[in-house]
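The structure displayed is predicted, hence computed values, not measured ones. Every chain is numbered from 1, with letters handed out A, B, ... down the list of sequences.
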Amino acid sequence: MNQDWPLWEVFIRGRQGLDHKHVGSLHAADAAMAIENARDVYTRRMEGISIWVVESRNIHASNPEEASSLYDPANDKPYRHPTFYDLPEALKHM
Amino acid sequence: MSTEPEVSFTNKIDQEIKIEPKDWMPEQYRKMLIRQISQHAHSEIVGMLPEGNWITRAPSLKRKATLIAKVQDEAGHGLYLYSAAETLGISRQEMLDQLHSGKAKYSSIFNYPTLTWADIGAIGWLVDGAAIMNQVPLCRSSFGPYARAMVRICKEESFHQRQGFEILLTLSRGSDAQRAMAQDALNRWWWPSVMMFGPKDDESPNTLQSMRWKIKRFSNDELRQKFIDVCAEQVKFLNLELPDEHLKWNEETRHYDFGPINWTEFWQVVNGNGPCNKQRLDARRKAHDDGQWVRDAAAAYADKKRQQQSQAAA
């Protein structure tokens, strides 16, 4: 048997209250091993309090070449941002 | 005539926008990155061997724990880098095969033996110091996954260099025999460390293209000079000497001048004739082959569990 173990993407919650963030990937035979390996590879200095692993083949990604059409609907709507609105400088707390 | 994706790629490079794995990239860019990242990963993995040699013989529990942590970091760094290379379409197995067959290179420095405890100090200060000098600019490399891996590595690497310098500092303040041992380690590790930056710029065929694509940010000679300037100052804290009679501050260039580098030795070691090339590769292959049953068992266990789950679901 000379086959790579499946690839897993690793997400780590750095502190209570933060979201899980993608930190990298690794190979493992199954999910339990992926979590143990993620602990050894990505949290040797207390970088996390919670680990998610997802097999990479289960991740579906948008295509960077279609970025312009994919994000087109948001491109012409500056009125969704607070800075779009002209208000007097004197106005506070808004 | 450049094609449209080529123009868009070049624009991104010029504007310091990172290239990500799914973005279009020239075949040569992909190849150059796979070569550089996998060599870098192999260096981390093979780099564990000369130091691992001293784990059982470290002089105190503190030194032992530190050395284990350092070697573990190197395994981790190898893994970050293999993962970064895999995003370019090469498999882990292919990379390991290239290492074990001798097709892929790793840093020549690891083909030198670690004869005394002071060597662990010299490796930390000089070898990790040279590696850091190389790696810090790579945090801004144009390929996203490589740059991100390098950020993690640089954060962790700093303790490696400091612990090495501390070992040498302790020895330099010890008995005559300890001072002599530290000096001997510097004598043996200095020139190989200076060579770690690779051939001179005019003999480094890949440098120009690599810098144009912002894979590398500084040339070999620029980094080498920077390293020598820093070490020439740091060595003063050790009351030891770097083994180069030509090493002298040059007021005009504002850099240290240094003596001729033995490039014959460099190419000998690169081409497989260093003192430990065979020993290192044999150790790597043996570790890989001896681990085969573990990989097989883990795969078989995962298969069995998957089958049980699908039966339970049916």
Hey, are the side chains of A/Arg45 and B/Lys155 touching, using non-hydrogen atoms and a 4.5 Å cut-off? no
Residue A/Ala61 versus chain B: region with a heavy atom under 4.5 Å: both
Would you check if the side chain of B/Ser83 reaches a backbone N or O of A/Ser25 as a donor-acceptor pair within less than 3.5 Å? yes
If every non-hydrogen atom of B/Ala302 is compared with every non-hydrogen atom of A/Ala29, which pair is closest and at what distance? CB-O, 3.4 Å
CG (A/Leu91) with more than 12 external heavy atoms under 6.0 Å: yes
Can you confirm whether more than 12 heavy atoms, excluding those of A/Trp52, are under 6.0 Å from its CH2 atom? no
Are there more than 12 heavy atoms of other residues, nucleotides or ligands under 6.0 Å from atom OH of A/Tyr71? no
Lys/Arg N to Asp/Glu carboxylate O, A/Arg44 vs B/Glu156, below 4.0 Å: yes
Can we say A/Asp30 and B/Lys304 salt-bridge, meaning some charged N sits less than 4.0 Å from an Asp/Glu carboxylate O? no
Given side chains that start at C-beta, do those of B/Glu86 and A/Leu7 come closer than 4.5 Å, heavy atoms only? yes
So, the part of B/Tyr82 with a heavy atom under 4.5 Å from chain A: the answer is neither
Taking the side chain as every heavy atom from C-beta outward, state whether B/Tyr80 and A/Val41 have any pair of such atoms under 4.5 Å apart. yes
B/Arg306 versus chain A, heavy atoms under 4.5 Å apart: side chain, backbone, both or neither? side chain
Return yes when atom NZ of A/Lys77 has more than 12 non-hydrogen atoms of other residues, nucleotides or ligands closer than 6.0 Å, and no otherwise. yes
Indicate yes or no: at least one non-hydrogen side-chain atom of B/Arg152 is less than 4.5 angstrom from one of A/Val23. yes
Non-hydrogen atoms of A/Met33 and B/Ala298 that approach each other most closely: CE-CB, 3.5 Å
